[in-house]
Amino acid sequence: MNKNSSNVMALAPNTPNKRETVCIFGTGDFGRALGNKMIQSGYPVVYGSRSTQISNLIPKDAEVLGHAEAAQKAAIIIIAIQRQHYNFLTPLAEVLHGKVLVDISNNLKLNQYPESNAEYLAQLLPGSKVVKAFNTVSAWALQSGTLDASRQVFVCGDDVEAKQMVMDIVRAVGLTPLDKGSLLAAQEIENYPLQLFPMWKFPFFLSFGLTAFFFFYCLVLDVIYTYIYENNNFSFFIAITIPNRVFPVMALILLALVYLPGIFAAIIQLYRGTKYRRFPDWLDKWMLCRKQLGLIALAFASLHVVFTLVTPMRAFVSWRTSKGIISQALNNKTEPLNHTTAWISDSYLALGILGYFLFVLLGITSLPSVSNNVNWREFRFVQSKLGYLSLILCTAHTLVYGGKWFLSPSAYKWYLPNIYMLSLVVPCAVLVVKFVLIFPCVDRPLTQIRQGWERNPKYSQ
Ligand code: NAP
């Protein structure tokens, strides 16, 4: 997450009285959409095209000329043409000398070519100043003006002045430029539009796999077992009861999985006695998707809240309540209030509510609009300290709720433990190891390692 927003340029467009002419090579979808937007923002636009015939698709205030003629009219030329046709630019090298060329192209596959399209363009025309920009904005979004996706335009290039000129255009058309540095960043920028929720894949598949596993686990114990041994048909449990057992279990396990990689990282650093060696790949990837794991956990916790709130509306619950009342009436005996049960039920509800409240707070602070407004220390306080507190409260909520079954033999149907017990394994392990890690004799060397101290320094002074 980018905590430093200083490289995000101010939104206010720089509005000189007269804007410089901009040339666009290519009258295809993107060239037309961007040209139209630029004309609306006050830029004179001239198209360089293979055909100078004006079609009614081309913005009406734009001029259409041959490539060389159009290029002579502007200092900035936007290349709205696919990379495979870039060869046609080589004969224009002389006329393009010293001009700013904006590469907006994308590829069909990640890392399709050894070098980025922008670097390839710079190699073809070494006398021009190549800037990469606009490739993450779609022609449709520019044309419809909805711009539902990100308004950020990643810009990179080796010439600072050229980059500045392009960023002025970006701002003028109502978008936000984000300076990504030199042209070396172009490959990364070109890969962005090809990615489909890359950070969500592992959390999504893991959640899907665990949910399916726990759902069938509950189905076997709560429906099939009851049907075989007690001759009760509780198949309707599939709709609310089982999901409402699986959701909290998933929320708790995923929340613990957000903090588990940090524990592994600490153990690895303590074992190696240095922070200057890379973590294994799997741990790096796991650390990078902690936010996504946390948000999925929050979604499961929210579903648990909603499913719990509708419990009194269920026919099964009203039947069970009225059965209890009638049985008391028939026996002419009111059951006395069991204070232990009352304490347990109120405590687990209170722990759950507090845990969920902190969980929501963690979710809110992970939103870019919020995290950009807190400093690194505040962010870490919420995500680490309050996060652990939320994990403690949610684990306690589960322990208090399910604890009474731990020693009861009837809880072990087919010798299998209840899912509440299974759900506690990872969170309890995380909390116990974390507790050990905060002991001064462990915490001190770990803090030193994180500040750069090494047990066996590679370079002695
Ligand atoms: P397009 O509709 O196919 O237009 C490409 C234009 O390139 C053509 O209209 C043509 O313009 C010109 N052209 C085609 N073959 C050529 C050749 N052999 N020599 C010279 N010029 C040639 O494609 P597009 O969707 O506008 O995309 C253009 C570029 O923008 C691509 O690199 C794409 O990756 C990038 N981009 C597109 C979008 C999008 O949403 N469409 C979004 C981001 C980036 P003339 O007929 O006028 O010569």
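Ligands are counted one by one from 1 in listed order, and the atoms in each one are counted from 1 as well. Sequential numbering from 1 along the given sequence is applied to the chain's residues. Note that the structure is a prediction, hence the values are computed from the model and not measured.
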- [ ] Scan side-chain atoms only and decide if Thr241 and Arg314 contain a donor-acceptor pair under the 3.5 Å cut-off.
- [x]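 Thr241 vs Arg314: donor-acceptor pair found between side chains.
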Expected rows: ligand 1 N/O, protein N/O, dist below 3.5 Å:
unit_1	atom_1	unit_2	atom_2	d
ligand 1	2 (O)	Asp29	N	3.0
ligand 1	9 (O)	Gly28	N	3.1
ligand 1	11 (O)	Thr27	N	3.3
ligand 1	15 (N)	Arg50	NH1	3.4
ligand 1	15 (N)	His85	NE2	3.4
ligand 1	18 (N)	His85	ND1	3.2
ligand 1	23 (O)	Gln82	NE2	3.4
ligand 1	26 (O)	Asp29	N	3.1
ligand 1	26 (O)	Phe30	N	2.7
ligand 1	32 (O)	Ile81	O	3.2
ligand 1	34 (O)	Asn106	N	2.9
ligand 1	40 (O)	Ala139	N	2.8
ligand 1	46 (O)	Arg50	NH2	3.0
ligand 1	47 (O)	Thr27	N	2.9
ligand 1	47 (O)	Thr27	OG1	2.6
ligand 1	47 (O)	Ser49	OG	2.6
ligand 1	48 (O)	Arg50	N	3.1
ligand 1	48 (O)	Arg50	NE	3.0

TODO: Scan Leu255, Leu210, Leu303 and name whichever one has a side-chain contact (heavy atoms from CB on, under 4.5 Å) with Met250.
DONE: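 With Met250 as partner, side-chain contact (heavy atoms from CB on, under 4.5 Å) holds for just one option, Leu210.
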Task: Whether over 12 other heavy atoms sit under 6.0 Å from Arg455 CZ - done: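 Result for CZ/Arg455: enclosed.
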- [ ] With sequence neighbours excluded, tell me which residues meet salt bridge (charged side-chain N to carboxylate O under 4.0 Å, His left out) with Glu63.
- [x]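 For Glu63 the salt bridge (charged side-chain N to carboxylate O under 4.0 Å, His left out) partners, ignoring immediate neighbours, are Lys73.
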TODO: Give the C-alpha distance, both sets of side-chain angles, the deciding distance and a yes or no for side chain to side chain contact (heavy atoms under 4.5 Å, CB included) between Gln152 and Thr136.
DONE: CA-CA 8 Å; Gln152 276 181 355; Thr136 49; over 6 Å; no
Task: Check: His67 ring centroid to Phe88 ring centroid under 6.0 Å - done: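 Under 6.0 Å, so yes.
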